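In what follows, chains are A, B, ... by sequence order, proteins preceding strands, each numbered from 1. This structure is a prediction, so every number in the text was calculated from the model and none was measured.
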Amino acid sequence: MGAELGKYKACVSARSTDKEILKHAQDGGIVTSLLGYALDTGIIDGAIVAVNKEFAAKHQSLIMRDNTNWDMVEPWRPFPAVVSTKADLLAAAGTKYNISPNVSMIKEATRSFGLDKVGIVGTPCQMQAVRKLQLYPIGARDVGAAVALAVGIFCMENFPYQSILQLVEDHAAMKMESVKKMEIGKGKFWIYGKRGQVVQLPLKVTHKYEQPGCHVCLDYVANLGDISTGSVGSPDGWSTVFVRSKIGDSVWANAMAAGVFETQPIEKVKPGLELVTKLANEKITKNKNTLEARKTFGVGKALRSPYI
Amino acid sequence: MSKVVEISPTTRHEGHSKLVLKVNDQGIIETGNWCSITPVRGVEKLAVGKTPEQVPKIASRVCGICPIAHNLAATEAMEASIKCEIPKDAKMLRHILQLANRLHSIALHDILILPDLYIPGTEVMINPFTAEEPVRTVAKRIQRLREIGQTVGQIAGGDCIHPRNTRVGGMYRNCSEQAKTKMYDLAKEGLVLAKAQMDFMIAVLRNYQARESVTVGGMKVALPKTLGYHNQGYLATDAFYGSSSLDECPTWDIDRFKEVRPWDWYMGEMEVSLEEPRYPVGGTTKLGTKVNPQMEACTGIPMYDGQPVEVGPRARLVTYKNYDEKGTVGQNIAREMEYTDSLYEMIDCIDALNPDGKVVADYIPDGDGSLGWASNEAPRGTDVHITRVKDWKVQYFSMLVPTTWNFATCSAALTGAPWQLAEVIMRGYDPCVSCATHMIVVDEDNKLVAQKLIQ
Amino acid sequence: MADKITLGYTHLSGCTGCTVALADNYAGLLTLLDRYVDLKYMPTLADVRHVQKVDVSFVEGSCCINDKLAVEELKETREKSTVVVALGGCACYGNITRFSRGGQQNQPQHEAYLPIGDIIKVDVYIPGCAPTPQMIRNVAVMAYLLLKGTKEQKELATAFLKPLMMAAQRGTTACFCELMTEVINQGLCMGCGSCASACPVNAITHEYGKPQGERDLCIKCGACYNQCPRSWFSFDVVENYEAINEAIMAALQ
Ligand SMILES: Cc1cc2nc3c(=O)[nH]c(=O)nc-3n(C[C@H](O)[C@H](O)[C@H](O)COP(=O)(O)OP(=O)(O)OC[C@H]3O[C@@H](n4cnc5c(N)ncnc54)[C@H](O)[C@@H]3O)c2cc1C
Ligand code: SF4
Ligand code: SF4
Ligand code: SF4
Ligand SMILES: [Fe+2]
């Protein structure tokens with residue numbers, strides 16, 4: 001096990017046994033099923049997820065926004081929300097390829113929402129943020145110990161909203177409103193229309209649109225999640241799952257025992273861990289190079305590195 | 001011949017203050033000056049020109065023990081100036097937050113006064129941090145009560161030390177049904193503990209009161225039956241919450257208020273002529289040290305109807321419940337009685353809270369410069385903030401903080417007590433000195449600016 | 001178990017909220033005092049009136065340079081302590097006292113307030129307004145391990161405290177502006193939301209995923225900047241979060 005995949009106790013290819021979840025989920029429905037199971041069994045009493053505009057406008061007490069004109073909010077913009085029912089979890093399923101600052105809700109979840117055991121899903125950087133605030137709770141009083149389950153999702157990069165808009169509306173010549181799903185996989189950016197059309201863009205065109213902050217990110221597979229998951233490595237409709245922490249281990253074991261997931265050994269599936277490792281290394285190497293280049297960016301002036 | 005003794009800094013309370021005491025040959029205080037020596041951060045002055053949204057957040061940081069009262073009084077003074085009525089559920093959240101703060105504050109005060117008191121039936125003075133029983137059980141109960149108060153405050157107020165949820169026009173967020181249930185559970189648990197803690201403290205205080213003499217730093221000191229008695233009046237604006245100039249019948253009258261500078265009130269330059277190295281811990285100020293309360297005091301002397309008054313738990317109980325026990329012990333017992341009071345009231349407020357209700361006013365005016373004030377009954381007394389807001393900028397801001405009211409009153413209450421017990425009397429007021437060191441309502445001619453502004 | 005470390009607490013121009021935060025470790029405070037920390041000097045909670053020689057001093061509040069007593073007390077604290085910890089936004093960055101400009105009775109000359117790092121050398125920062133009980137607890141336990149622990153414990157404590165020591169070296173300004181100048185302007189922000197949740201005055205929201213700071217609300221506490229994983233981040237420490245969290249919890253059991 002190389003450092004690029006982080007510490008883990010087990011790695012499997014898995015899929016939810018709940019057909020309804022699979023219909024709405026991005027990949028194997030791991031995140032939604034796991035959080036749903038945790039809600040059912042009292043492991044968590046609410047979860048921070050990324051909801052869409054329609055849900056947010058209808059459930060404003062579950063999000064934190066003042067001063068929003070919902071008629072002006074664009075489709076496919078995510079909003080962090082604290083949900084505590086399986087129906088609301090389901091409504092939040094699916095990947096939104098632009099920024100959802102999920103950690104912004106983590107303190108409020110323990111305040112006006114009244115949660116004692118918080119679940120959260122997030123990208124690798126958001127998992128880093130969660131762990132930093134557990135160890136160094138500078139502005140996060142009484143939050144660290146309330147984080148009961150942190151589910152990480154793999155992430156090569158994220159995009160500003162405007163980037164997604166331009167990719168969809170300019171490069172793919174589709175309306176944002178008519179997009180049913182977006183996906184990055186097999187070296188392409190896929191856009192599925194509500195009427196069944198499929199457009200694929202080579203990743204080459206997406207690169208310039210990436211969020212710059214992602215270029216110093218040294219984590220691909222959410223090394224700091226209790227459990228982390230993504231599509232890479234597993235067949236279509238299945239997910240690759242790393243079980244990492246003690247909490248993750250126990251939640252996963254119980255969920256398996258409860259029949260929440262079906263699994264296959266990761267060694268048996270194609271393309272398997274080899275591809276995950278390759279992509280992780282690519283990301284880390286590329287971004288380490290970026291960090292190196294930042295040291296000599298100016299004339300006798302460096303750009304800052306956050307890592308110490 | 002009277003002598004001068006100085007205790008500086010005083011301990012087991014918030015902030016920096018000192019006691020300058022003129023005592024007779026028997027060591028009985030003839031004149032006592034208790035004054036703040038906390039640097040003046042000038043919050044009233046720095047508030048001018050800032051937004052009414054920011055000033056209450058800064059006001060909260062005047063004091064970390066009564067931040068809730070400052071934050072609420074400042075916010076509500078802004079609302080009074082701009083004439084903004086807030087929704088009922090916002091009010092409920094503020095009430096809950098305020099009572100939660102009172103609960104934690106009473107419990108904290110228990111820790112601060114216990115070292116002056118004895119375990120009943122023994123000659124052992126109480127160290128609240130000792131691991132030995134029965135003290136450890138009490139300490140844990142105190143900390144659990146504080147935890148309950150702080151956690152409820154955190155839910156209703158976003159954060160419990162400096163609240164985050166209050167805003168001009170209401171609150172940022174209402175609580176969820178789940179949060180409401182959690183607050184209920186905590187308040188119910190708190191009630192049981194508070195009852196036990198109150199009984200314990202009252203027993204310990206009565207035991208103290210019944211003693212002929214007490215020991216201070218190895219010195220045996222006769223305990224007067226009139227410890228902490230004074231003849232000043234009382235001021236309270238509500239049994240629980242407060243009042244404001246928006247009320248139909250406000251319970252505070254700005255015209256009856258006046259303030260003078262310590263110059264008129266405190267003693268001038270003197271020299272320390274009595275030094276007691278045994279006074280715990282580290283002794284009193286060295287012989288020959290120059291002291292000058294008039295010049296050193298960092299607060300003014302507020303008066304209501306021309307006299308300093310007492311504010312705080314006893315003032316509330318006297319004003320609203322005909323409580324009638326004078327002196328330091330009576331004052332501490334009044335505070336203990338507010339334990340269960342605040343929890344019963346908190347439960348009523350949680351009951352009344354509708355999690356689906358709106359918590360922000362529909363319209364929040366920018367203000368036309370009208371004078372507005374709001375009082376909030378802080379754990380240690382009436383906290384009145386006065387302001388003028390025009391075009392969403394603060395033009396004038398003033399804080400009349402509980403301990404400021406109490407400085408002069410407590411100074412009067414020192415007379416007749418052995419000087420070694422001066423700090424015991426002072427602690428009865430649960431002083432919060434940083435708080436107190438923040439007011440200006442007089443101009444150069446010693447006239448009330450606030451009053452002038454009304455005309 | 002080795003002896004306890006000695007602790008002092010110097011209170012300058014702070015609001016005592018930091019003290020309350022320390023006390024808000026609730027039962028954990030009693031455990032800390034039982035096992036790890038001998039409280040030598042802390043006038044708010046105990047009777048010792050003058051600064052004592054100690055292993056670790058917490059300093060709450062900024063320092064009014066127009067108040068002789070405060071400046072002397074701060075310098076004396078430095079001289080008498082092996083480690084000085086700036087506790088809270090005021091001591092680290094000035095916080096609301098950055099807005100002070102004097103002119104108020106009864107001491108109108110009290111005008112200039114400085115974070116303590118502008119007057120003495122500070123070893124460790126605990127920013128935030130109020131700082132959190134857990135952060136104070138973690139630093140107290142780590143200071144104990146650093147001074148009294150085994151070799152491995154010393155290493156762990158050194159690694160843990162390093163970012164907080166670097167924060168102390170970095171300087172005495174941090175507010176939303178530093179989030180802009182040192183994170184966003186440097187192309188490092190990735191929109192996690194930590195800053196918004198850290199802010200004690202709700203000054204930060206996220207617009208299209210990125211922080212929007214209401215600078216007329218910001219009180220200059222430095223919580224957002226220091227909570228941000230892109231201001232500083234130590235893989236050495238954070239990757240071992242599980243073991244470290246467990247060790248701290250076990251220490252307080
Ligand atoms: C920006 C981004 C980039 C990604 N890149 C890769 C990659 O390179 N390789 C790979 O294998 N997987 C990647 N993923 C993960 C993948 O797209 C799926 O999210 C993951 O496999 C989980 O699928 P699922 O069916 O288990 O989850 P679901 O059951 O569909 O649940 C997904 C959960 O993620 C939350 N979510 C959606 N969007 C966001 C967001 N922007 N920020 C935070 N949370 C969000 C949802 O609220 C939901 O709870 C990426 C995800 C994101 C958000
Ligand atoms: S690449 Fe890294 S920084 Fe960017 S969104 Fe993903 S995890 Fe965050
Ligand atoms: S934006 Fe908020 S967290 Fe950041 S320094 Fe200002 S007040 Fe503190
Ligand atoms: S905490 Fe830092 S990285 Fe995260 S959103 Fe705020 S500025 Fe960006
Ligand atoms: Fe106070």
Using a cut-off of under 4.5 Å for heavy-atom pairs, which of [options] has the most such pairs with chain A?
options: C/Val237, C/Ile244, C/Ile126; answer: C/Val237
options: C/Ala223, C/Ser194, C/Ala196, C/Gly222; answer: C/Ser194
options: C/Pro163, C/Gly209, C/Cys199, C/Ser197; answer: C/Ser197
options: C/Asp236, C/Asp24, C/Ile136; answer: C/Asp24

How about [X]: does its [atom1] atom have over 12 heavy atoms from other parts shown lying under 6.0 Å from it?
X: A/Asn67; atom1: CG; value: no
X: A/Lys53; atom1: NZ; value: yes
X: A/Lys288; atom1: NZ; value: no

So what's closer than 4.5 Å to chain A heavy atoms on [X]: side chain, backbone, both or neither?
X: C/Ile184; value: neither
X: C/Met249; value: neither
X: C/Ala243; value: neither
X: C/Thr205; value: neither
X: C/Asn240; value: both
X: C/Cys221; value: neither
X: C/Glu182; value: both
X: C/Val139; value: neither
X: C/Cys224; value: neither
X: C/Leu188; value: both
X: C/Asn226; value: both

Distance, nearest 0.5 Å, that separates [atom1] of [X] from [atom2] of [Y]:
X: C/Phe233; Y: A/Arg131; atom1: CZ; atom2: CZ; answer: 10.5 Å
X: A/Gln211; Y: C/Lys210; atom1: CD; atom2: NZ; answer: 4.0 Å
X: C/Tyr241; Y: A/Leu133; atom1: OH; atom2: CG; answer: 12.5 Å
X: C/Cys192; Y: A/Ile106; atom1: SG; atom2: CD1; answer: 10.0 Å
X: C/Leu164; Y: A/Ile138; atom1: CG; atom2: CD1; answer: 6.5 Å

**Request:** Determine the option with the most heavy-atom pairs under 4.5 angstrom with chain C, choosing from A/Val103, A/Ile99, A/Asn223.
**Result:**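 That would be A/Val103.
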
**Prompt:** Hey, which of A/Pro212, A/Pro80, A/Ala129, A/Gly144 has the most heavy atom pairs under 4.5 Å with chain C?
**Reply:**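 Top option by heavy-atom pairs under 4.5 Å: A/Ala129.
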
Less than 4.5 Å apart, any side-chain heavy atom of [X] and any of [Y]?
X: C/Glu207; Y: A/Arg65; answer: yes
X: A/Arg141; Y: C/Pro200; answer: no
X: A/Gln134; Y: C/Asn138; answer: no
X: A/Arg244; Y: C/Glu242; answer: no

Check whether any side-chain N or O of [X] sits under 3.5 Å from a backbone N or O of [Y] as a donor-acceptor pair, and report yes or no.
X: C/Arg230; Y: A/Gly213; result: yes
X: A/Lys132; Y: C/Val238; result: no
X: C/Gln134; Y: A/Asp142; result: yes

**Request:** Please report the closest heavy-atom contact between A/Arg294 and C/Gly187, naming both atoms and the distance.
**Result:**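 Taking every non-hydrogen atom into account, NH1-O, 4.3 Å.
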
Between [X] and chain C, with a heavy-atom cut-off of 4.5 Å, which part of the residue counts as in contact: side chain, backbone, both or neither?
X: A/Pro137; answer: both
X: A/Arg77; answer: side chain
X: A/Glu74; answer: side chain

**Request:** Anything in residues 300-308 of chain A with a heavy-atom distance to chain C below 4.5 Å? Please list those residues in order.
**Result:**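 The residues closer than 4.5 Å to chain C, in numerical order, are A/Leu303, A/Arg304, A/Pro306, A/Tyr307, A/Ile308.
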
**Asked** Under 4.5 Å, heavy atom to heavy atom, which residues of residues 108-117 of chain A contact chain C?
**Response**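 Expected list: none.
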
**Asked** Which residue pairs pass the ring-ring contact (aromatic ring centres under 6.0 Å, His included) test when at least one of the two sits in residues 118-150 of chain A, sequence neighbours left out?
**Response**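 Checked against ring-ring contact (aromatic ring centres under 6.0 Å, His included) - neighbours excluded - the pairs reaching residues 118-150 of chain A are A/Tyr136-C/Phe160, A/Tyr136-C/Trp232.
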
**Message:** C/Glu246 vs A/Lys246, test: salt bridge (Lys or Arg N to Asp or Glu O under 4.0 Å). Steps then yes/no.
**Reply:** CA-CA 11 Å; C/Glu246 279 171 13; A/Lys246 284 183 192 162; 3.0 Å; yes

**Message:** Restricting to salt bridge (Lys or Arg N to Asp or Glu O under 4.0 Å), what partner residues turn up for A/Lys107, sequence neighbours left out?
**Reply:**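 With neighbours one apart ignored, the set is B/Asp159.
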
